[in-house]
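Every chain is numbered from 1 and lettered A, B, ... according to where its sequence line falls, protein lines coming before strand lines. Since this is a predicted model, take the numbers as computed values, not measurements.
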Amino acid sequence: MTRTYQLTFLVGLKSGILDPAGQATRNVLQHMEYAVQDVRIGKWIRVAIQADNAEHALALGQEMGQRLLSNPVMESFEVTVKAL
Amino acid sequence: MTRTYQLTFLVGLKSGILDPAGQATRNVLQHMEYAVQDVRIGKWIRVAIQADNAEHALALGQEMGQRLLSNPVMESFEVTVKAL
Amino acid sequence: MLTYMDVGLSFKENQEIVRLLRRHPNQLELGLFGALWSEHCSYKSSKPLLARLPHEGRFVVQGPGGNAGVVQLSYRWDLAFKIESHNHPSYVEPEQGAATGVGGILRDIVAMGARPIALADILKFGTDDKSQTLRRGIVEGIGDYGNAIGIPTVTGTVGYSEVYDANPLVNVLAVGLRARNVHVGADGARPGSVLILMGQATGRDGIHGASLLASQDFGEQTEEMRPTVQVGDPFMGKLLMEATLAIVGKGLADAVQDLGAAGLTSSTAELAYASQVGLIVDVSQVMCREPEMSAYEIMLSETQERMLVSIPLDKLKETLDLISDYELPYTEIGRVVEGDFLRIVKGDVVLADVPTGVLVGGCPRLPIPSDLSTLLGEELLEEETSIPLNPEWGYQVLGHPDCRERSAIYRRYDSTIGVRTVWGPDHDVAVLRIDDTDGVAIAVCAPARWAAVDSTAGGIGAVVNALSLVATQGAEPLGLTDGINAGNPDKPQAYRRMAGLIEGIAQAARVLEVPVTGGNVSLHNETRGQAIWPTAAIGVVARHPHPLSPVLDQVARPNLRICLLNPPKVSRLGGSVLQEILGITGSYPRLDLAGIKSSLHVLMDMAQKADQAGLAAVRSIGLGGTFVAIARSLMTPSRNVGVQLNLPADSLVFDLFNEMAGQWILYIEPDFLSKWEDACQARGVRLQDIGITTDSPDIVIKGGRTVTWPLQELWHAYRQGGDFIGR
Amino acid sequence: MSDHTAQPTVGIIVFPGSNCDQDTVLAIQALGARAVVLDYRLAELPPVDFLILPGGFSYGDYLRSGALAAAAPIMDAVEKSAASGMPVLGICNGFQILCERGLLPGALLPNPSGEFICQWQTVRVVNAPKGFETMADGTVLRLPIAHHDGSYRVAEGQLASLFEHGQVFLQYSDDKGGAHALVNPNGSVANIAGVSQGSVVGLMPHPERAMAQYLGSDDGRGFLAAWLGLRGNVEC
Ligand SMILES: Nc1ncnc2c1ncn2[C@@H]1O[C@H](COP(=O)(O)OP(=O)(O)O)[C@@H](O)[C@H]1O
Ligand SMILES: [Mg+2]
């Protein structure tokens, strides 16, 4: 029997790759006089998925992350699982 | 004396607001035969900031989240703090 | 219990509903009336005024009343076109508000069975800090939708004034192409047909004034239950557009109606009313994005990217297969029956049942005040009679936010997709190729300052300005569309200004014999008692006689004669950019329409065969006056040609900076001057020879003392603003 | 090329949300070739000689431009055909899809301005790939760009290898062919506007929109003619 799990992906540019959106945001925050040194921006993706158990869900998550949800040339991702 | 904290913002569309990107991604994952029911996409923002202490950093985070990092009409956000 | 006030109806209107229904409406019915009798849907304040606009013309296929006007372009093609506003939503959420404005007008065009080929955006922004943020978001939103759905934005206009601080204007014009043998609209639904709702699942988006009801239905009010912002999904919009056009192209639908303001309520009611049929709509069959949506929410939701089609039974299977092929969600939500009612059911339970004659046609119109014509008298403000020229004004006017170069905005719009764009947003008028012989010229304008004091004069000026632009191409105007933007019509002054604006448009359109085939009215653009200037956005579509070789608007050669066609007998600066710079408020002159009509004829004739008329270049005179028109005609990439003008010293400022529409600057091969003189004389039109182009890159004026503006400096002002020079 | 050498057949793949497909069909037909529109759900390709992935916003550009289309069923067949040497051309969104699929090196990130850019642009041919033999290196072309995500990037250390292997096809340049920061519209590394890998070619500019002088340029005509091996039509 399967149940629903929630996978949360955090996808971001690999370190070392320029993040212009982060830089622009940092500049604006500095103009607003926040003592900000660095800003990085990425996306989160929350997926509700049917799976046999948490390990299975996580394995599916790894697969989806590699196949679709991140671009391996530029991005890295982490995925965590939670039962719903 | 101040030190550096890392603030992590999770910004997302308020529930009830259409998430076309999530919808399209869900459809493709389903075509790829993942048993996915729902996908929502949002962004994370990681900010390194100088502050007196963790509470202070978090208060600044709340402020930045409202003033700049989220669009209060459509989005809500959570912010967490970690000493660096 | 909801009352009429909760849905925005007046005591009188409620009485009228009870009288017409011969009973009290139930809660859902009250909601339907609240939506359809709103200003937005019923045009109760403006409809009697709009009746003054001319609708008839040789090329009109469909006048006002449909989703968009339609005019005949050629023996093969019709054009559907209309302006729509999305002012308030763009203030609340600039990106999505503007994006859904684009999506909305495109669906209007598609609902006429036409394939959109061009967009134009008409924008008015305030001048405070918040306006900068709004501008960025609005421009982003327009681009996001138009670029992604793949319709080029080919022209537009932008203006600034603090009167728009809390009420920016976002009006969008869309133009679509339809084969002549296609006829579809909201008025063809036949009993027996099935109603299909396709596209996005319905959510709680933009349910105006519905929060009260929502909370009643749910017992407790939570964040999620409040009305939410409409989000544009151009991807779904593209699928919906293709599916709808395929359905229409295959002749499968007897009626099509897009879902816009007031969602299913207005689309079903209007479709039933226009087709003179009854509709039974089952809300339990509507796909919802969220659980437990009430009938009221379903009927009032403004979720975008939805379309209603009415399909005869024998075409149903083919239609559903086609919709599925586009992977578009859809459901059958009801059927068309004999009758004249809109009945909303949930399974077997009837939730609402109202005659569409009452719902759509019954809203009491605001009568036109009997003394309106006296109220609209010319409002003349005194003008200076003689002003010495300050050369700085040249830079200031050219660099004024309303005259300045716009590439920072239009670069963000795809203007080349569709491979029709011969002239795009870097020209005053867009030229599109339809096929090898047919072409369209499209122009928009919204000269708001002209209507600030005397709105009738401004309305006249706006129409003349739009027609003057397409006349530079020798293009024959087929129809006009107008977007009226004004304040709160319940206030006498705002009403009078709106009325004056419409009256001005009507006068000009009548005399110049171009029909208005559709448009939009946006009222209540007023915040804390501060109303916007009454603002008419005018769009014109015209048949271009030689779309592959537009008549040029820039000069690259010395020794051309420079003439003014139809300069005013008395130039006045009222309503001009220069007046604003000088801190003067004046009223825009009422233009001599008869003289303009003759001039339009002369120019059209000559520009249709520009080579044989020695017409090297032409520009219509508008904001910034003759000075700006000339300066812009010299802004070629190399900027190596200038002009020398001989103008009388005493009227120099008036001659250079008056903005009286319906005059043009012409660059003529010297040998052809007499030909122009003859053509003008034959029609009693003034032609004033004012100078010559030179190989020195500057504007030189000889009139009394000599004044010189180097092109390089003018270019900086044009690019970066008038205050840039020397500072 | 299949049976009829005179008239090559070009398959143009339409994904949901593609919006330059019709422009591309017209361009191909204008060159005297046959255009067939191919549905993204196809598992097998019909007999075609060339493949184009046209521009547009496949799947709304959601998630990442090109990513969702790269997972479409037809892409398995595209991959197979490319492996056997069929010429494949990705324009704008098609370029993004090919990168996402790994058929071309690198990735296209959002323009650093965060804004869409539509303008005319000159590009220089650095290294004409296989199939473009008639197009001399150094040729300067005037073509329109129109994209939000055109900032070309490669994995660390990959740039040198791209140049070494002659995979850099086009660079944004001035009208004399000089490629420098001032004429880089989108922060692409080394001004790269197009790359190749084997028989697969991708570029951000839109040759299909530059088919006639009255549209602003006819360099796209020469470009596509060269790719199709229609020498008579090449005038660049
Ligand atoms: N300012 C106007 N000038 C001419 N026609 C107008 C104007 N405003 C509205 N109309 C016409 O009235 C009809 C009803 O408009 P409306 O119901 O608002 O359509 P929509 O909801 O699609 O905007 C339309 O055909 C429209 O063209
Ligand atoms: Mg409509």
Side-chain angles (χ1 to χ4, degrees), chain B residues 7-50 55 57-81, chain C residues 89-97 99-100 103 133-134 136-137 140-141 144-145 148-149 199-207 211 214 218 222-240 288-293 297 301-306 326-329:
Chain B
L7 296 169
T8 303
F9 297 82
L10 293 184
V11 184
L13 292 169
K14 289 180 182 164
S15 66
I17 293 199
L18 179 71
D19 174 10
Q23 204 170 277
T25 305
R26 181 200 61 204
N27 291 347
V28 170
L29 284 171
Q30 286 172 348
H31 277 295
M32 292 169 83
E33 309 205 329
Y34 292 102
V36 161
Q37 286 136 315
D38 187 45
V39 177
R40 301 280 288 180
I41 299 185
K43 52 174 183 279
W44 59 255
I45 304 164
R46 217 159 252 167
V47 175
I49 192 170
Q50 290 293 114
E55 289 80 65
L58 203 58
L60 290 173
Q62 286 292 349
E63 212 182 277
M64 291 189 284
Q66 265 146 35
R67 289 178 65 193
L68 186 76
L69 301 179
S70 77
N71 171 353
V73 179
M74 302 178 50
E75 295 174 328
S76 57
F77 73 95
E78 293 159 29
V79 53
T80 52
V81 67
Chain C
S90 303
Y91 181 68
V92 175
E93 175 22 58
E95 233 176 285
Q96 295 302 330
T100 52
T133 312
L134 290 173
R136 274 192 292 276
E140 179 75 18
D144 275 356
Y145 207 103
I149 196 167
Q200 205 75 261
T202 299
R204 291 194 175 97
D205 310 3
I207 302 173
S211 45
F218 286 92
T222 70
E223 179 74 5
E224 280 74 71
M225 287 171 188
R226 278 211 287 277
T228 50
V229 174
Q230 308 157 26
V231 171
D233 181 358
F235 172 52
M236 183 72 88
K238 166 79 172 163
L239 301 180
L240 190 64
C288 291
R289 207 166 72 224
E290 290 179 75
E292 295 176 62
M293 284 181 62
E297 291 175 311
S301 160
E302 293 190 350
T303 295
Q304 301 289 299
E305 285 90 30
R306 295 179 298 166
Y326 283 96
E327 297 192 43
L328 265 185

_Part of Glu327(C) within contact of chain B (heavy atom distance under 4.5 Å)_ =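 For Glu327(C), side-chain heavy atoms alone lie under 4.5 Å from chain B.
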
Do [X] and [Y] come within less than 4.5 Å of each other through their side chains, counting heavy atoms only?
X	Y	result
Val229(C)	Lys14(B)	no
Thr303(C)	Leu18(B)	no
Val231(C)	Met74(B)	yes

*Would the number of heavy atoms belonging to other residues, nucleotides or ligands and lying under 6.0 Å from CD of Glu78(B) be above 12?*
no

*Of all residues at least two apart in sequence or in a different chain, which pass the side-chain hydrogen bond (donor to acceptor under 3.5 Å, both in side chains) check with Asn27(B)?*
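Result, side-chain hydrogen bond (donor to acceptor under 3.5 Å, both in side chains) vs Asn27(B): none returned.
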
*Which residues pass the side-chain hydrogen bond (donor to acceptor under 3.5 Å, both in side chains) test with Arg26(B), sequence neighbours left out?*
none

*asked:* Strictly less than 4.5 Å between heavy atoms, which residues of residues 29-43 of chain B line up against chain C? Please order them by number.
replied: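 Against chain C, the residues of residues 29-43 of chain B that fall inside the cut-off (heavy atoms, under 4.5 Å) are His31(B).
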
*Output, in order, the C-alpha distance, side-chain angles, deciding distance and verdict of side chain to side chain contact (heavy atoms under 4.5 Å, CB included) for Glu95(C) and Asn71(B).*
CA-CA 11 Å; Glu95(C) 233 176 285; Asn71(B) 171 353; over 6 Å; no

*Those residues that, when tested against Ser70(B), pass side-chain contact (heavy atoms from CB on, under 4.5 Å) (two or more places apart)*: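 So Ser70(B) forms a side-chain contact (heavy atoms from CB on, under 4.5 Å) with Val11(B), Glu75(B), Phe77(B).
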
*Which pair of non-hydrogen atoms, one from Arg289(C) and one from Ile17(B), has the smallest distance, and what is that distance?*
NH2-C, 3.9 Å

_Ignoring hydrogens, what is the shortest heavy-atom contact between Pro20(B) and Gly232(C)? Give both atom names and the distance._
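The answer is CG-O, 4.1 Å.
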
